[in-house]
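These numbers come from a predicted model, not from an experiment. First the proteins, then the strands, lettered A, B, ... as listed; each starts at 1.
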There are 2 protein chains.
Amino acid sequence: MKPDARDRLIEGTRELLWERGYVGTSPTAILSRSGVGQGSMYHHFAGKPDLALAAEQRSAELMQQQIVDAFAVKGTAFERISGYLGRERDVLRGCSVGRLTADPDIMADEKLRAPVRETFEVLHENLRRTIAEGVAAGEFADDLDTDEIASTIAAVIQGGYALARAAQAVAPFDRAVRGVLSLLRASARP
Amino acid sequence: MKPDARDRLIEGTRELLWERGYVGTSPTAILSRSGVGQGSMYHHFAGKPDLALAAEQRSAELMQQQIVDAFAVKGTAFERISGYLGRERDVLRGCSVGRLTADPDIMADEKLRAPVRETFEVLHENLRRTIAEGVAAGEFADDLDTDEIASTIAAVIQGGYALARAAQAVAPFDRAVRGVLSLLRASARP
DNA sequence: GTCTATAGCCCGATAGAC
DNA sequence: GTCTATCGGGCTATAGAC
């Protein structure tokens with residue numbers, strides 16, 4: 001079954017937002033990538049912001065599902081966190097949701113920002129809960145602030161992408177992840 | 001003394017690149033912000049990429065100077081690192097250099113990417129050296145990988161900006177910074 | 001050095017046929 | 001639902017006067 005025009009438009013917009021952001025994505029480019037005609041696009045969507053919102057929502061949904069799945073596995077808290085950090089990623093491509101934080105037109109609009117905000121909230125809550133479980137199990141130091149460490153880990157991922165892109169190499173991302181995991185593991189020593 | 005047209009053009013471009021990135025910044029907007037005429041712009045610069053390069057170089061120079069200054073102060077390694085992380089920042093505005101990593105047109109061009117790459121190299125080296133000094137002084141665990149921790153700290157800063165923008169609040173940045181500092185301090189315990 | 005005028009193109013969106 | 005034609009405007013850049 002060939003995906004329908006509406007679906008192809010969302011997927012094409014999603015890819016372009018990921019690569020080039022909102023200002024860098026034109027309806028013409030979306031049509032070209034989706035293989036859909038102009039009339040079709042304005043039939044299914046009111047315009048560029050409407051299409052961008054649908055694409056964002058799909059990216060957010062996919063990302064949130066990956067997060068929930070990654071933290072639902074069996075294992076210690078450390079294993080689940082390191083499993084999420086080490087899961088397969090196209091590091092130089094970066095994060096389809098995190099990319100949008102660089103776009104002022106998206107950040108300035110409550111509706112367009114909502115999927116980004118919600119996705120980071122889901123990530124934060126999964127990290128925080130897992131860290132709390134690790135503290136309860138004696139894996140981590142019991143004086144850890146779970147909200148702080150959750151934010152630290154989320155920041156390492158997003159910032160790791162930035163370092164990797166600046167270097168055009170995956171190594172800085174991998175180093176940043178190994179570094180935070182080594183600090184987290186060491187916190188249990190006393 | 002009124003700054004000359006060339007200087008005002010660079011500063012206007014620098015601000016716009018910071019706020020809106022390369023694709024989001026038009027020569028027209030640069031003229032409007034700089035209060036300079038069109039003929040003047042094309043007299044001083046070959047075009048948009050040339051002007052962007054000059055603006056990037058100024059941002060990189062300012063950032064590198066701030067980094068060098070912040071790590072040149074007296075104090076323990078931990079104090080210098082926490083001093084750099086806690087220095088005054090306009091968190092929601094983000095990093096004038098790190099912002100550029102989101103721009104594919106800049107990342108794809110070796111010349112335009114160079115100032116970004118070099119600035120992160122300077123930050124990494126200052127962090128790495130300071131961490132090594134802290135390990136030598138017994139402040140930090142002696143099994144820390146200094147390159148990894150340096151990348152982790154740099155990533156926390158850049159990623160912290162992304163989290164803050166997604167939430168339109170400074171709190172996630174501050175939490176991420178406090179978290180990584182608490183892990184770093186705890187590493188000395190054994 | 002700085003000005004105004006203009007080129008040629010692509011932008012986001014609409015109209016109306018089929 | 002999808003097509004083609006077209007709009008008004010902003011884009012990056014050049015021309016040529018002063």
Going by atom type alone, with no hydrogens or angles, which donor-acceptor pairs under 3.5 Å involve a side-chain atom of residues 174-181 of chain A and a protein atom two or more places apart or on another chain?
{"residue": "A:R175", "atom": "NE", "partner": "B:S151", "partner atom": "OG", "Å": "3.0"}
{"residue": "A:R175", "atom": "NH2", "partner": "B:S151", "partner atom": "OG", "Å": "3.4"}
{"residue": "A:R178", "atom": "NE", "partner": "B:E148", "partner atom": "OE2", "Å": "2.8"}

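- Summarising the geometry, the separation between CG on B:L16 and C1' on D:dC11 is reported as 15 Å, rounded to the nearest angstrom.
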Please tabulate, for the side chains in residues 35-44 of chain B, all donor-acceptor contacts under 3.5 angstrom to protein atoms that are two or more places apart in sequence or on a different chain.
none

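- Atom CG of B:L9 and atom C1' of C:dC3 are 14 Å apart (whole Å).
- Going from atom CD1 of A:I30 over to atom P of D:dT2 covers 16 Å, rounded to whole Å.
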Original post:
When you check every protein heavy atom under 4.0 Å of nucleotides 12-18 of chain D, what one-letter string (B, S, -) results, 5' to 3'?
Top reply: BBB----
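- When the side-chain nitrogen and oxygen atoms of B:H43 are compared with OP1 and OP2 of C:dC3, none of them lie within a distance under 4.0 Å.
- The side chain to side chain donor-acceptor pair (under 3.5 Å) check on A:R80 picks up A:E133, with sequence neighbours excluded.
- Listed by chain and residue number, B:E11, B:S59 satisfy the side chain to side chain donor-acceptor pair (under 3.5 Å) test with B:R14 (two or more places apart in sequence, or in another chain).
- In this structure, B:M41 atom CE and C:dT4 atom P are separated by 14 Å, rounded to whole Å.
- Hydrophobic clustering, with ILVMFWY side chains joined whenever heavy atoms are under 4.5 angstrom apart, keeps A:V91 apart from A:W18.
- As rounded to whole Å, 16 Å separates atom C1' of D:dG1 from atom CG of A:D7.
- Remark: A:F120 engages no residue in a ring-ring contact (aromatic ring centres under 6.0 Å, His included) (not counting sequence neighbours).
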